[in-house]
Amino acid sequence: MTTDRTTAASEDTKAIDVQGLRKSFGELEVLRGIDFSVARGEVVCVIGPSGSGKSTLLRCVNLLEEPSAGRVTVAGTEVTDPDVDIDLVRRRIGMVFQSFNLFPHLTALENLTIAQRRVLHRDRPEAERIARANLERVGLSDKASAYPAQLSGGQQQRVAIARALSMDPELMLFDEPTSALDPELVGDVLAVMRGLAQDGMTMLVVTHEMSFAREVADRVVFMDGGVIVEEGTPERVVGAPQHERTRTFLARVL
Ligand code: ADP
Ligand code: MG
């Protein structure tokens with residue numbers, strides 16, 4: 001018996017599949033019927049005004065919020081199935097938030113090894129080897145012994161990305177990962193994310209960084225008022241939006 005229900009072969013190329021997703025908080029319906037999917041290896045950027053439901057959508061993908069209706073499937077496992085072991089599913093999803101949420105009393109290296117040891121039961125040498133490789137990947141090999149307070153915001157966010165990578169995620173969710181950073185620190189974080197995309201990581205990224213969306217995204221999704229207003233290539237959605245609401249939003253952020 002397994003609770004990991006793998007769906008038909010045709011679904012195998014989908015990292016995320018969302019069908020008829022609705023989410024209400026009390027009387028407020030925040031997601032009003034969302035259908036979309038992300039293919040394995042695809043980079044999808046979600047853009048849209050504040051309050052449009054972007055974070056709630058991301059949080060429904062790993063069940064930090066429980067959908068009110070609809071189906072969410074991640075890497076072949078239906079997470080909205082009541083019998084699913086959500087901890088097992090979450091282990092396959094890396095999540096990076098606006099706030100870095102590092103443990104302040106642990107070094108960068110220790111921040112990367114703790115979940116590997118506790119959740120994946122890796123021994124210390126293996127966890128440290130993987131942690132060092134991921135610190136190198138984000139350009140911070142020389143900061144292994146630094147505490148979060150000794151790092152800039154951009155460096156802390158890169159440690160947070162390295163921490164997520166150390167769990168060998170099948171896909172990564174990013175919720176405005178550069179919004180809390182001083183402008184001069186944004187570029188280093190985006191460069192790391194660009195590298196991940198080039199390495200073939202599946203990524204769903206909520207961002208206001210239009211140049212990143214333009215250069216890196218395979219597809220851009222514009223949300224407003226809890227629905228997807230339009231989606232398509234960056235050239236189409238950012239370059240030649242079809243809807244007035246998209247044009248109004250872009251005029252404000254570009
Ligand atoms: P975005 O990320 O696009 O800014 P959110 O998904 O964070 O939008 O929020 C969409 C709407 O849902 C907002 O009106 C917000 O106030 C509301 N909301 C989000 N989380 C909660 C919650 N836990 N309880 C009540 N309302 C919430
Ligand atoms: Mg948000």
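All ligand and atom numbering here is 1-based and tracks the order in the structure.
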> Rounded to the nearest 0.5 Å, how far apart are CZ of Arg91 and CE of Met167?
Replying inline: 7.5 Å

> Atom CZ of Arg132 and atom OG of Ser166: how far apart are they, to the nearest 0.5 Å?
Replying inline: 12.0 Å

> So which heavy atom in the protein is nearest atom 23 (N) of ligand 1, and how far is it from that ligand atom?
Replying inline: Phe25 CE2, 3.4 Å

> Just which atoms of ligand 1 are under 4.0 Å from any heavy atom in Thr56?
Replying inline: 5 (P), 6 (O), 9 (O)

> What distance do Ser37 atom OG and Glu42 atom CD have between them, rounded to the nearest 0.5 Å?
Replying inline: 7.0 Å

> Has Gly53 got any heavy atom lying under 4.0 angstrom from an atom of ligand 1?
Replying inline: yes

> Could you walk me through whether Arg124 and Thr113 pass the side chain to side chain contact (heavy atoms under 4.5 Å, CB included) check?
Replying inline: CA-CA 8 Å; Arg124 183 186 296 274; Thr113 54; 5.9 Å; no

>> Within 2.8 Å of the Mg ion (ligand 2), is there any N, O or S atom belonging to Ser55?
In response: yes

> How close does the nearest protein non-hydrogen atom get to atom 12 (O) of ligand 1, and which residue and atom is it?
Replying inline: Val30 CG2, 3.0 Å

>> What protein heavy atom lies closest to atom 4 (O) of ligand 1? Include the residue and the distance to one decimal.
In response: Gly51 N, 2.7 Å

> Just by modelled atom types, is the Val186 backbone N or O under 3.5 Å from a matching donor or acceptor in the Thr178 side chain?
Replying inline: no

>> What protein heavy atom lies closest to atom 3 (O) of ligand 1? Include the residue and the distance to one decimal.
In response: Lys54 NZ, 2.8 Å

> In the protein, what heavy atom is nearest to atom 15 (C) of ligand 1, and what distance, to one decimal place, separates them?
Replying inline: Leu28 CD2, 4.8 Å

> Quick one: nearest non-hydrogen protein atom to atom 7 (O) of ligand 1, plus distance?
Replying inline: Ser55 CB, 3.6 Å

> Judged by non-hydrogen atoms, does Pro49 sit under 4.0 Å from ligand 1?
Replying inline: yes

> Measuring from Glu215:CD to Glu209:CD, what's the distance to the nearest 0.5 Å?
Replying inline: 10.5 Å

> Do the charged groups of Glu230 and Arg245 touch, with an N to O distance under 4.0 Å?
Replying inline: no

